[in-house]
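Numbering starts at 1 and runs along the sequence shown. Predicted model, so just to flag it, every value in this text is computed and none were measured.
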Amino acid sequence: MARNMKKMIDKNRGRLPERYCMTVKEFKALADVAKQGDCLSPIEDSFIYGFILGSRATQGGHFKERK
């Protein structure tokens with residue numbers, strides 16, 4: 001199955017329930033790690049965190065992806 005990351009993000013931007021969005025504090029924590037020169041860990045960490053939050057939202061019936 002081919003995935004278009006940009007298209008998926010664009011279609012769903014602004015549609016996430018607030019309780020499943022990252023906070024400014026969480027974004028800043030990831031940015032602080034990146035500022036120290038480690039750019040890959042914050043990307044992986046945000047993916048893992050987003051996956052967990054997304055799984056919770058889907059299982060709880062709080063979010064359906066736009067097709």
Original post:
I48: what forms a side-chain contact (heavy atoms from CB on, under 4.5 Å) with it, not counting sequence neighbours?
Top reply: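 Checked I48 against side-chain contact (heavy atoms from CB on, under 4.5 Å); matches are E44, I52.
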Original post:
In chain order, what residues pass the side-chain contact (heavy atoms from CB on, under 4.5 Å) check against F27, with sequence neighbours excluded?
Top reply: M22
Subject >> Sole candidate of R13, K7, K6 that passes side chain to side chain donor-acceptor pair (under 3.5 Å) when paired with D10 >> reply: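 Option passing the side chain to side chain donor-acceptor pair (under 3.5 Å) with D10: K6.
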Would you please name every residue forming a side chain to side chain donor-acceptor pair (under 3.5 Å) with [X], sequence neighbours left out?
X	result
S46	none
N4	none
K25	none

Original post:
What residues join I9 in its hydrophobic cluster, counting side-chain heavy atom gaps under 4.5 Å, either direct or through other members?
Top reply: M5
Would you give me the side-chain donor-acceptor pairs under 3.5 Å for residues 28-36, sequence neighbours excluded?
none

